[in-house]
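Below, read A as the first sequence line, B as the second, and so on, with proteins coming before strands; counting in each chain starts at 1. Basis for what follows: all heavy atoms, side chains included, without hydrogens, waters or symmetry-related copies.
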Amino acid sequence: MTDKKDNRTHKMSSDDKKQAYEPSRRKFVKNTGLVIGGLAGGSLLGGLVVDMNNTEPSNTTANIAEDSYREARMFFTRQEDFNVLEAATERIYPENKNGPGAIGLRVPYFIDGQLAGDFGSNRKDYMIGPFKENKYDHLYQTRMNRGEVFIEGLRKMNVISKDKYDVDFHDADGKQQDTILQSFDNDEIELEGVSSKTFFNLLRKMTIEGAYSDPLYGGNKDMQGWKMREYPGPRAAYSDLIESEEFVELDPISLKDYQS
Amino acid sequence: MSKKLDKVDVVVVGTGFAGGIPSAELAKAGYKVVGLERGKEQNHSDFIGSKDELRYASRKGMMQDNSIETLTSRSEIGEEAFPIRTQDEVMVGTDVGGNSVHWSGVSKRFFGIDFEIRSKIIERYGEDKIPEDMFLQDWGITYDEMEKYYDKFEKTVGTSGEPDPLGEVRSSSYPTAPTVETPGIRLFKESAETLGYHPYQLPSGNITEHYENPDGQTINACMYCSFCEFYGCDFGAKSDPVATVIPTALETDNYELRTNAHARRIIYDGKKAKGVLYVDLKTGIEYEQPAEVVVLAGYVFTNNRLLMLSEIGEQYDPETKTGVIGKNSNGTNTAGGVRGFFDEQKFNLAMGAGALGAGFSDLTSEYIDNTDLDFIGGGDVEFRQKGSGPIATNYVPKGTPSWGEEFKEQSLFYANRNLSISFSHPSYGWSFNYMDLDPNYTDAFHDPLLRVTHQITEQDKNVAKYGIEKCAEIMEEMGADIIDKDEVPEKFNHNYGPATAGGVVMGDDPETSAINNFSQMWDAENLFVIGASALPHRPPQATVTVGAMAYRAAEGIEKYLKDDGGLLVQAKNNKEVAHVNDK
């Protein structure tokens with residue numbers, strides 16, 4: 001389906017764009033940098049505009065090197081837990097012809113960072129007991145915090161993989177991994193203190209968040225998640241574009257660019 | 001032991017529109033007002049550069065800290081309620097400006113029938129049309145009486161819009177021009193017109209042009225940047241209390257804003273409110289703020305819970321169906337609609353504004369004929385282009401797996417190729433849906449949590465199904481290749497969206513209502529309870545009505561302070577009420 005060419009796609013000229021972003025023209029000029037060569041799936045990106053006037057590309061080698069300092073674990077202590085996380089998120093959001101999957105987008109490091117903070121420890125949630133089972137599997141009703149839920153779920157995934165296929169989860173083949181993930185999604189796995197559905201919902205939700213949140217959180221590497229879905233990032237204004245009959249493609253910008 | 005402060009004229013719990021409006025009006029009139037806000041101090045500079053979907057829409061950065069307080073929930077009387085633990089499951093605002101800072105902005109007025117719903121339904125269809133357990137009641141005020149307060153609210157906040165061709169009479173036009181028409185909006189309007197409806201551009205709190213309000217506050221023009229719902233406005237272009245009534249109150253020097261001030265009790269002597277007991281969340285020090293008039297203007301849950309904890313008014317009992325506090329809990333209704341997927345057409349879905357869109361009133365309670373339908377009332381049909389955040393909007397046609405290769409493929413393909421139409425209907429009060437204090441769970445101060453008992457009824461399901469079918473007809477006319485209809489839930493899913501209401505309802509009879517049409521409590525004449533808690537039933541999009549009610553309450557409070565007090569409205573029944581009560 002992605003092969004369908006959309007004849008409404010409209011390339012904006014440099015002048016169009018400058019006019020469109022009059023409220024923050026300075027920022028626009030600063031932020032339109034784009035390096036096509038570094039991106040997977042060139043055909044998808046065929047419609048993207050290369051701004052010849054850009055003065056400060058956001059994907060320079062220097063920036064990427066600086067960002068890679070985040071490729072280390074601050075929540076997960078065991079490499080093997082992280083291996084399971086990588087493999088599981090990649091099955092949920094796989095690399096394909098559209099572009100990178102969870103690992104390429106650095107989703108596992110996003111999740112690791114989130115679990116190390118307030119969200120992972122449920123700081124703003126009501127965590128007073130008693131905790132009782134109920135019939136609503138979409139609700140969070142466990143005394144474990146999200147970090148603990150992940151450890152419980154990922155380790156169980158590995159145990160199941162070894163029992164069933166005689167390999168670690170991350171060494172199992174894609175079909176085997178999917179079978180295990182599906183059994184968690186179906187709430188068929190017994191975990192201690194939490195339902196496997198609660199764990200799976202969280203894993204899926206955080207994988208999507210890691211693919212599409214601002215790169216400041218460690219995922220959505222080089223805004224490739226946004227580029228795949230043609231999302232332009234936080235921008236000052238669309239007042240001059242919003243009535244356009246045609247689809248307008250814009251290179252994404254990040255909060256780093258927007259706030260500076 | 002709490003520290004007693006000097007008495008002021010008025011103490012107001014809450015800084016949203018419900019609390020901010022009386023604060024501004026009374027401070028302008030020269031009264032000394034203290035505003036208590038449990039959340040933090042914030043102003044427009046906090047919102048600049050805050051376009052962060054993870055922080056605000058996913059992690060609910062502007063919502064209440066549930067570790068301090070939340071609510072418990074159950075479907076039926078007799079069940080044990082469980083606490084709503086995470087911010088994903090309850091959407092209650094906090095911080096200065098409250099929920100009114102991160103609202104989407106749809107600024108509709110209600111129809112005349114909404115204020116006199118019981119009388120009108122009986123007049124049209126007879127009393128038998130009303131199900132036995134439905135608490136359908138008039139509000140003790142009419143649209144005509146409300147009109148000048150609506151007008152005042154719209155002028156204060158700068159509402160942008162064009163008149164609904166089927167709307168009620170307006171005394172003046174909208175202060176600012178309607179929002180723009182996008183290709184999607186145009187497609188919706190043309191399709192709705194073809195089917196005989198009367199679409200119009202939705203009235204919007206995302207203001208379309210630079211506007212100075214009568215208090216001298218300015219609101220900027222909306223840039224359609226799409227960060228409205230869940231966010232404070234980057235441009236100061238939203239009708240919110242932080243741009244309007246809070247600065248107006250502060251500029252008078254008669255208003256003192258105290259943040260991190262968590263109200264625990266209304267001090268009450270059996271006849272009158274004496275003040276508010278609150279904790280400073282930074283220091284832990286407990287204060288007693290005495291006042292001539294107490295205004296309770298928190299979120300629905302706060303208003304109900306504080307009255308219950310303070311033992312003011314009679315708690316509603318579902319067995320005897322007596323008592324008024326906690327009664328007519330509503331708003332957690334079934335909304336639904338359709339999503340259309342377009343294979344050949346892309347839309348600029350990242351661009352938008354919370355209230356950018358169109359709708360029509362042909363199917364609302366005012367216009368629908370319920371004679372041969374298995375429900376009462378109708379609903380609002382809306383098409384909106386709010387601006388799609390990439391985390392929240394990964395829509396795929398039904399039958400697509402929710403993860404994996406096919407999910408990724410389809411969600412990317414349709415990311416800019418889907419449109420939705422929604423139908424939202426009024427939520428009515430039922431004898432078995434109510435609020436009281438939970439017997440098991442407590443907050444950070446060991447006070448009982450509020451417990452909500454909520455069941456979805458046949459009425460809710462039937463009206464939702466009807467609306468979804470109508471939306472599907474329009475989507476078909478719009479030319480979608482795939483049309484997915486929302487499923488109507490059999491049971492309440494215990495997610496508390498932004499639209500809860502009731503519990504401290506307005507009416508003309510103290511037997512069935514807690515407050516009169518000035519939001520004054522029948523049982524405590526110097527206590528005014530303002531907010532969506534006043535709605536005996538909740539038509540969709542209530543913010544403007546709450547704002548209008550707040551202006552009426554402000555007028556009432558001023559009258560109460562100027563004159564000799566007493567009830568501002570004669571009670572309909574002979575129940576012993578505040579000014580004649582000797583107990």
If only atom types and distance count, is the side chain of Q141(A) paired as donor or acceptor with the main-chain N or O of P83(B) below 3.5 Å? yes

Atom SG in C225(B), atom OH in Y258(A): separation rounded to 0.5 Å? 6.0 Å

Could you look at Q114(A) and say if it's the side chain, the backbone, both or neither that has a heavy atom under 4.5 Å from chain B? side chain

Do any N or O atoms from the side chain of N348(B) and from the backbone of E246(A) form a donor-acceptor pair under 3.5 angstrom? yes

Report yes if the side chains of N440(B) and K132(A) come closer than 4.5 Å at any heavy-atom pair, otherwise no. no

Answer with side chain, backbone, both or neither: which region of L449(B) has an atom nearer than 4.5 Å to a non-hydrogen atom of chain A? side chain

Using a cut-off of under 4.5 Å on heavy-atom pairs, state which of I185(B), I84(B), T86(B) scores highest against chain A. T86(B)

Of the non-hydrogen atoms in Y93(A) and L412(B), which two are nearest, and what is the gap between them? OH-CD2, 4.1 Å

For chain A, the option from N394(B), T182(B), V90(B), T70(B) that forms the most heavy-atom pairs under 4.5 Å: N394(B)

First locate atom NE2 of H138(A), then atom NE2 of H494(B), and finally report the distance between them rounded to the nearest 0.5 Å. 7.5 Å

Between K60(B) and chain A, with a heavy-atom cut-off of 4.5 Å, which part of the residue counts as in contact: side chain, backbone, both or neither? neither

Do T207(A) and W403(B) come within less than 4.5 Å of each other through their side chains, counting heavy atoms only? no

Do R186(B) and E243(A) meet the salt-bridge criterion of a basic N to acidic O distance under 4.0 Å? no

For P183(B) and S244(A), the nearest pair of non-hydrogen atoms, with its separation, is CG-O, 3.2 Å

Chain A: which of S67(B), G184(B), S226(B) shares the most heavy-atom pairs with it under 4.5 Å? S67(B)

F413(B) side, atom CZ; N98(A) side, atom CG - distance, nearest 0.5 Å: 11.0 Å

Less than 4.0 Å between a side-chain N and a carboxylate O, is that true for D65(B) and R123(A)? yes

Where on F347(B) is there a heavy atom nearer than 4.5 Å to chain A: the side chain, the backbone, both, or neither? backbone

Would a 4.5 Å heavy-atom cut-off, applied to side chains only, mark V248(A) and M351(B) as touching? yes

Any side-chain heavy-atom pair from E89(B) and Y140(A) closer than 4.5 angstrom? yes

Taking side chain as C-beta onward, heavy atoms only, is L139(A) less than 4.5 Å from S73(B)? no

At their closest point, which heavy atom of S239(A) faces which heavy atom of Y224(B), and how far apart are they? CA-CD1, 4.0 Å

Tell me if the CZ atom of R55(B) is crowded by more than 12 foreign heavy atoms within 6.0 Å. no

Between T442(B) and Y126(A), what is the shortest heavy-atom contact and its length? O-OH, 2.6 Å

Determine yes or no for a side-chain-to-main-chain donor-acceptor pair under 3.5 angstrom, with N416(B) supplying the side chain and R229(A) the backbone. yes

Segment of T393(B) engaging chain A (4.5 angstrom heavy-atom cut-off): both

In terms of heavy-atom proximity below 4.5 Å to chain A, should E406(B) be classed as side chain, backbone, both, or neither? neither

Nearest 0.5 Å, please: how far is NZ in K124(A) from CZ in R59(B)? 12.0 Å

F407(B) and I208(A), any side-chain heavy atoms less than 4.5 Å apart: yes

Structural part of I92(A) lying under 4.5 Å from a heavy atom of chain B: both

Region of L356(B) that comes under 4.5 Å of a non-hydrogen atom in chain A: side chain

Are K408(B) and N96(A) close enough that a side-chain donor and a side-chain acceptor fall under 3.5 Å? yes

So how far is it from I242(A) CD1 to Q385(B) CD, rounded to the nearest 0.5 Å? 5.0 Å

Closest heavy-atom pair and its distance - S58(B), E209(A): CB-OE2, 3.7 Å

Does the cation-pi check pass for R417(B) over F247(A), that is, NZ or CZ under 6.0 Å from the six-membered ring centre and within 45° of its axis? no

Euclidean distance, F119(A) CZ relative to Q87(B) CD, rounded to 0.5 Å: 9.0 Å

Given D214(A), D178(A), N122(A), L216(A), the one with more heavy-atom pairs under 4.5 angstrom with chain B than any other is D178(A)

Is a side-chain donor or acceptor of K51(B) paired with a backbone partner of R235(A) at a separation under 3.5 angstrom? yes

Evaluate the side-chain proximity of D52(B) to P234(A): yes if any heavy-atom separation is below 4.5 Å, no if none is. no

Could you have a look at G389(B), G49(B), P390(B) and say which one has the most heavy-atom pairs with chain A under 4.5 angstrom? P390(B)

Evaluate the side-chain proximity of K97(A) to E409(B): yes if any heavy-atom separation is below 4.5 Å, no if none is. yes

Has E79(B) got more than 12 heavy atoms of other residues, nucleotides or ligands less than 6.0 Å from its CD? yes

Is E69(B) in contact with chain A via its backbone, its side chain, both, or neither, using a 4.5 Å heavy-atom distance? neither

One thing to verify: whether D88(B) and K205(A) come together as a salt bridge, which I'm taking to mean a side-chain N less than 4.0 angstrom from a carboxylate O. yes

